[in-house]
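What follows is a short report on a single structure.
Just the heavy atoms: all of them, side chains too, but no hydrogens, waters or symmetry mates, feed the values below. Residue numbers run from 1 in the order of the sequence given.
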Amino acid sequence: MGTASVEESKKRPLVFAYYVTGHGFGHATRVVEVARNLILAGHDVHVVTGAPDFVFTSEIQSPRLFLRKVLLDCGAVQADALTVDRLASLEKYSETAVVPRASILATEVEWLKSVKADFVVSDVVPVACRAAADAGIPSVCITNFSWDFIYAEYVMAAGNNHRSIVWQIAEDYSLCEFLIRLPGYCPMPAFRDIIDVPLVVRRLHKSRTEVRKELGIGEDVKIVILNFGGQPAGWKLKEEYLPTGWLCLVCGASESQQLPLNFLKLAKDAYTPDLMAASDCMLGKIGYGTVSEALAYKLPFVFVRRDYFNEEPFLRNMLEYYQGGVEMIRRDLLTGHWRPYLERAITLNPCYEGGINGGEVAARILQDTAYGKNYTLDKLSGPRRLRDAIVLGYQLQRVPGRDLCIPDWYANAESELGLRTGSPTAATAENNSLTDLYPQDFEILHGDCLGLSDTLSFLKSLAGLDALVDSPTKTGKHTIRERKAAAGLFNWEEDIFVARAPGRLDVMGGIADYSGSLVLQMPIREACHAAVQKIHPSKQRLWKHALARQQDKGQGPTPVLQIVSYGSELSNRGPTFDMDLSDFLEGDEPITYEKARQYFARDPSQRWAAYVAGTVLVLMKELRIHFENSISLLVSSAVPEGKGVSSSASVEVASMSAIAASHGLNISPRELAILCQKVENHVVGAPCGVMDQMTSACGESNKLLAMVCQPAEVLGLVDIPGHIRVWGIDSGIRHSVGGADYGSVRIGAFMGREIVKSIASTLLSESLSTNGSHPDDSEECGVELLQAEASLDYLCNLSPHRYEAMYAKKLPDSIIGESFVGKYTDHRDSVTTIDKTRNYGVRAAARHPIYENFRVKAFKALLTSATSDDQLTALGELLYQCHYSYSDCGLGSDGTNRLVQLVQEMQHSKASKSGEGTLYGAKITGGGSGGTVCVIGRNSLKSSEQILEIQRRYKSATGYLPILFEGSSPGAGRFGYLKIRRRNPPKQN
C-alpha cells in the first residue's frame with residue numbers, strides 16, 4: 001500500500017468491539033468515557049455488556065454506539081453487600097465462562113467478523129482477548145485489576161479446585177497487545193506490556209450551584225451522597241443517622257424503600273458525577289468508579305471495607321495517599337453511627353492534582369494503535385512483569401479478612417472528648433467509660449488502658465478468638481492459621497495478663513550507644529501487645545502435636561510454652577511455636593545461651609521465637625526464676641519489622657513484661673530493659689546496644705528519653721518544645737542489627753578503643769619514665785588523663801579534642817582481624833566475635849561515637865535554649881552531621897541518603913527561604929544500612945505538607961511509598977499491665 005493510501009486508511013472510521021465485565025457498574029461507567037471519546041473521533045463502538053442501557057445512553061447519544069446484551073464473565077459473587085463469596089465466585093465463573101468456553105469463542109469470533117471489527121477492547125473480560133486472537137484482530141485491555149489476580153487468592157482459599165481458571169485467564173490476557181493501566185492498579189504480570197494513563201472519570205454536566213438549585217437545596221446545607229450499590233437487605237435508614245441540618249442523597253434506593261425526611265431518593269438514571277460534585281462528602285463502598293470520581297472532584301469519601309474484595313487495598317491506598325478517605329467500621333454503617341465520620345470527612349482537604357482525562361488519553365492510544373502506531377517499550381516489560389509477579393506472590397501469602405479496628409483519629413478524638421471509643425454515638429450517650437466498649441467481654445482486675453486505641457482493639461481481638469470456633473471464616477485481619485492457633489491458646493476460665501511496649505525513633509545517639517554515648521530516643525505510636533496466661537499444666541489447652549509429644553514421652557502434664565505471633569505472613573515465618581520448658585534445663589540448671597542459640601537456629605522459620613521464648617530463659621538464668629506452670633503467650637505487634645524502629649525490642653519488652661506480671665515478679669523498667677537486651681545479645685545473637693529496650697520500657701509519650709549507655713543510666717525525660725516536631729520516614733530498605741555491616745562497625749569501634757588504650761598506656765609509660773615521680777601540676781594533669789584513657793571503659797568518655805590531639809592520626813583506617821588479635825589479643829566485646837580473615841574499618845568506627853556523644857549533648861542543650869530559627873538550624877545541622885558520619889562508617893544506604901537529600905532540597909528551596917523555614921535536618925537512625933530517617937522541623941501545617949511532598953517525591957523516584965512515623969505513646973513501664981478475666985467464658989472442649 002502506497003503512502004497516500006496509508007494516509008487515506010488512517011482517516012477512515014474504525015469499528016471497536018468493547019467488552020465489559022459483569023462486575024458492578026464501575027467498569028461500565030469508565031467504559032462510557034473511553035467509548036464517548038472514540039465516538040467523538042468518528043469511530044463506531046459496539047459495547048458488549050450486561051449493564052443497563054441508561055448507563056451508556058445517558059452520556060452518549062449517537063448512532064455510532066451499539067449495545068449488545070451479552071455477559072461473558074461473572075465478576076465476584078457477593079454473599080452480602082460487603083462480603084465476596086470466594087468459592088461461589090469460582091463456581092459461577094466456571095459455569096459462565098469455562099464450561100461453555102468453546103461455544104463462546106465460536107460465537108464471538110463469528111460476531112466480530114460480522115460487525116467488521118478493527119480492534120477489540122476489554123475491560124477486563126479474559127475470553128475477549130482469546131476471541132480477538134482467533135479472529136485475527138488486535139486487542140488491548142483497559143483496567144486497574146485483572147481477574148487472574150482476584151481469583152488467584154480465591155483458589156488459595158478453595159484448595160486446588162478451579163486452579164486451572166487462573167492459568168486460563170492469564171493465558172487469555174497474554175494474547176492482547178498491551179494493557180492500558182489505570183491508577184490504583186493491582187499487580188498484573190500476565191500482560192506483556194503496559195501504558196499508564198490518568199484517572200478515567202465521567203465529565204461534569206452541571207455546576208454545584210445548578211444541581212443544588214434544581215434539587216431545592218441551599219448552599220448552607222451539608223450534603224452526603226450515599227453511593228452504596230446493593231444495600232444490605234432490610235436496612236432501614238433513620239433520621240438520626242445524620243448530623244443536624246444535613247441531607248443525604250441516596251443512590252440506588254428501591255422504589256418501595258421508605259426514607260426519612262432528611263434522606264432524598266435519587267432516580268435510577270440520575271447522573272452521579274454532578275450529584276457528587278454538589279455534595280460535601282460521600283459514603284459508600286470502595287470501587288474504581290467511586291474512588292476515581294471522589295478524587296477527581298475532591299470529594300471526601302467515607303468508606304466501608306469489603307471482605308475478600310482484593311482490588312480494594314490498592315484503591316484504598318490511593319485514596320488515603322491523597323488524603324481523601326475516612327474509614328467507617330461496618331457495624332457503625334449498619335447501626336447508623338455516622339455523625340463522627342461525616343464530621344471528620346468535611347475537615348479533609350483531598351489533594352489529588354493529577355490528570356482526570358484518562359478516557360481521552362486511552363481513546364487516542366486505542367485509535368493510534370489500531371492505525372499501526374507502536375506505543376510499547378519491550379525492554380521494560382521483563383522487570384515490570386517480574387515485579388508484579390513478586391507482589392502477586394506476596395499478596396497470595398496473605399488472607400484478607402475483616403478489619404474492624406477503629407481509625408486512630410476517631411479513637412483519639414473520642415478519648416479527648418470523653419465519649420465512648422469505637423462506636424460513635426450521640427453526645428447524649430449515657431455511658432462515657434472508655435473500657436465499656438471493647439473490654440466489655442473482660443473484667444479488668446488490674447491496670448488501665450490509658451485510652452490507647454490499639455490496646456482496646458487488641459482486647460477486642462482477644463474477645464473474638466472464641467468466635468472462630470463457631471465461624472471459621474471470620475478470621476479478622478490475621479491469617480486463618482494464626483487465628484485458629486490463637487483460638488486454642490487460652491483457657492477462658494483463667495486470668496490473662498496483657499502488656500504493651502512501643503517501638504522507638506532514634507532521634508540522636510544511634511550506634512554510639514554501645515560505646516557509652518548519651519542518647520535521645522522517642523517511643524513511637526506503634527506498639528506490641530503480649531497476652532500471657534500462667535496455668536497449671538493439667539488445665540492448659542495444648543495443641544494436638546504438643547499433646548502427642550508429651551504422650552510419646554510417657555509423661556503426664558508437664559509445663560509447656562505455647563506462643564502465637566500475629567503477622568507471620570509479613571516476614572515469611574511460622575506463626576506458632578511451642579516447647580517443653582524442660583528443654584531450657586540441664587538437670588536443675590538453665591542451659592547456656594550458646595545452646596539456646598543453637599536450639600532456636602534449628603528451624604529458620606521459627607528463629608523468631610528466640611525473641612519471645614528467650615525472655616523465659618533470661619529470667620531463669622539471671623533472676624533464678626523456676627517456672628513450674630505452663631505459659632500460653634499471644635504476641636501482636638504493629639511495629640513494622642526491618643524499619644529501624646526497634647520492632648524486636650518492643651516484642652522482647654512486651655513479652656517479658658507480661659510474663660513477669662503473670663508470675664508476680666516486680667522488675668523495674670530499667671532492669672527489665674537490661675534483661676531484654678540480654679535476650680537479643682545472647683539468645684538471638686544480635687549485637688545491639690541497650691537504648692532500644694530502655695526506650696520501649698522507660699519512655700514516656702511525646703518526650704525524649706535521655707540515657708547514658710554506661711551501661712544504662714537514665715538521666716530523665718526531655719520535653720520536645722511545642723514549636724518543634726519530629727517525624728520518621730521509612731526508606732523501604734530493610735534494616736537489621738544482626739546484619740554484617742552493623743556488627744563489623746561495632747567490632748571496629750571496640751578495636752579502636754583497645755588501640756586507644758594501648759597508645760595511652762605507651763604514652764603514660766614514656767611520661768612517667770621522663771618526668772620521674774615528681775611531675776609539676778600541668779604534667780600531673782596529663783598523667784591523670786593518660787591513666788584514665790589507658791583504662792578507658794567507653795569510647796564516649798574520650799572528648800573530641802583529646803581524640804584529635806592524641807589518637808586520631810595514630811589509629812589505622814582499617815585492620816585485618818588476624819593482625820589485631822596478634823597485637824592486642826581481644827577487642828573485649830562479649831556479644832561480637834572477630835573474623836580473623838576480615839578487614840575492619842577502625843578510624844571512622846571509633847571517631848563516630850566520640851563525636852556523636854558531643855553532638856547529642858549539644859542537641860539536648862539546644863532543646864532548652866531560646867526559641868529561634870537559629871535554634872532549629874543548629875538542631876538540624878547536628879542531625880545532618882550524624883547522618884554523614886554513619887556513611888563514613890559504611891552504614892549509609894541509597895534510600896536513606898535520598899530521603900535526607902529530599903529534606904535538604906525542601907529546606908533550601910526558594911519557597912522555604914522566602915518564608916519561615918519548616919524542615920531543618922534529617923539523619924539515618926538506629927543501626928543504619930537502611931531503615932528509617934529521623935526528620936526535625938517546625939511544628940506547623942506547612943511542615944506536614946512538606947513531609948507528604950517528600951513521600952510523594954520518594955515514591956516517584958523509587959516506586960516505594962514510605963511509611964510515616966508520627967506521634968508517640970507511653971513505654972511499658974508507664975503502661976504497666978492489665979489483668980483481665982472473661983466475664984462470660986465460652987464453653988471449651
Side-chain angles (χ1 to χ4, degrees), residues 506 509-517 519 592-598 600-601 607 610-611 614 618 621 644 646 648-649 652 673-694 709-712 735-758 792-798 811-850 852 886 888-891 926-931:
D506 166 33
I511 58 168
D513 64 341
Y514 54 67
S515 293
S517 178
V519 297
T592 65
Y593 287 134
E594 176 62 30
K595 287 186 177 179
R597 281 198 300 276
Q598 295 172 0
F600 289 109
R607 285 181 180 172
Y611 293 98
V618 168
K621 288 183 71 66
S646 301
S648 58
E652 294 154 0
I674 294 173
L675 291 171
C676 288
Q677 184 198 16
K678 292 182 182 294
V679 175
E680 190 142 355
N681 288 170
H682 302 307
V683 183
V684 176
C688 71
V690 73
M691 70 177 190
D692 298 359
Q693 291 81 5
M694 288 293 290
C709 303
Q710 299 189 16
H735 150 89
S736 171
V737 296
D741 288 341
Y742 175 90
S744 65
V745 172
R746 175 171 176 146
I747 290 171
F750 277 83
M751 285 178 166
R753 185 192 65 175
E754 292 306 302
I755 296 172
V756 165
K757 290 166 64 177
S758 176
L792 194 65
D793 288 334
Y794 297 95
L795 267 177
C796 290
N797 290 338
L798 183 63
L811 285 178
D813 284 336
S814 63
I815 191 169
I816 300 294
E818 186 175 20
S819 299
F820 177 86
V821 172
K823 188 171 183 179
Y824 302 100
T825 307
D826 188 24
H827 66 321
R828 291 172 178 80
D829 178 21
S830 61
V831 299
T832 57
T833 302
I834 294 174
D835 180 349
K836 292 184 179 181
T837 65
R838 182 163 186 170
N839 188 34
Y840 292 96
V842 173
R843 181 177 292 156
R847 184 182 188 275
H848 174 81
I850 293 168
E852 181 70 359
Y886 263 76
D888 290 343
C889 294
L891 292 176
S929 299

Of the non-hydrogen atoms in Met751 and Gly817, which two are nearest, and what is the gap between them? CE-CA, 4.4 Å
Non-hydrogen side-chain atoms of Val756 and Leu811 separated by less than 4.5 Å: yes
Excluding sequence neighbours, so at least two apart, what forms ring-ring contact (aromatic ring centres under 6.0 Å, His included) with Tyr593? His682
Those residues at least two apart in sequence (or on a different chain) that pass side chain to side chain donor-acceptor pair (under 3.5 Å) with Ser814 are Asn839
State which residues pass side chain to side chain donor-acceptor pair (under 3.5 Å) with Lys823; sequence neighbours excluded, sorted by chain then number. none
Working to the nearest 0.5 angstrom, can you tell me the gap between Ile511 CD1 and Leu891 CG? 5.0 Å
Donor-acceptor check, side chain of Arg828 to backbone of Arg753, threshold 3.5 angstrom: yes or no? no
Minimum heavy-atom separation for Gly510 to Val519, with atom names? N-CG1, 4.5 Å
Can you name the residues that form a ring-ring contact (aromatic ring centres under 6.0 Å, His included) with Tyr611, not counting sequence neighbours? none
Any Val745 side-chain heavy atom under 4.5 Å of Tyr886 side chain: no
Side-chain contact, heavy-atom cut-off 4.5 Å: Cys688 with Gln693? yes
Taking all heavy atoms of Lys836 and all of Ile816, pick out the closest pair and write down the distance. O-CG2, 3.4 Å
Do Arg746 and Val831 have side chains that approach each other closer than 4.5 Å (heavy atoms only, starting at C-beta)? yes
Quick one: list whatever passes side chain to side chain contact (heavy atoms under 4.5 Å, CB included) with Gln710, sequence neighbours left out. Val708, Tyr794, Asn797
Has the side chain of Asn681 got a donor or acceptor atom that lies under 3.5 Å from a matching backbone atom of Ala686? yes
Pro687 versus Asp829: any side-chain heavy-atom pair under 4.5 Å? no
Give a yes or no on whether Glu818 atom CD has more than 12 heavy-atom contacts from other residues, nucleotides or ligands under 6.0 Å away. no
Between the OG atom in Ser646 and the CD atom in Glu652, the distance rounded to the nearest 0.5 Å is 9.5 Å
All ring-ring contact (aromatic ring centres under 6.0 Å, His included) counterparts of Tyr840, not counting sequence neighbours: none
Could you give the distance from OG (Ser744) to CG (Asp835), rounded to the nearest 0.5 Å? 10.5 Å
Heavy-atom check, side chain of Val690 versus side chain of Pro711, under 4.5 Å: no
Between the CG atom in Asp826 and the CD atom in Glu754, the distance rounded to the nearest 0.5 Å is 7.5 Å
For residues Ala844 and Cys889, report the shortest heavy-atom separation together with the two atoms involved. O-SG, 3.4 Å
Taking C-beta and beyond as the side chain, do Asp888 and His848 meet within less than 4.5 Å on heavy atoms? no
First locate atom CD1 of Ile815, then atom CD1 of Ile747, and finally report the distance between them rounded to the nearest 0.5 Å. 13.0 Å
Which atom of Thr832 lies closest to which atom of His827, heavy atoms considered: OG1-NE2, 2.8 Å
What pair of heavy atoms forms the shortest contact from Cys796 to Pro849, and how long is it? SG-O, 3.2 Å
Note, Ile834 side chain near Phe820 side chain (heavy atom, < 4.5 Å): yes
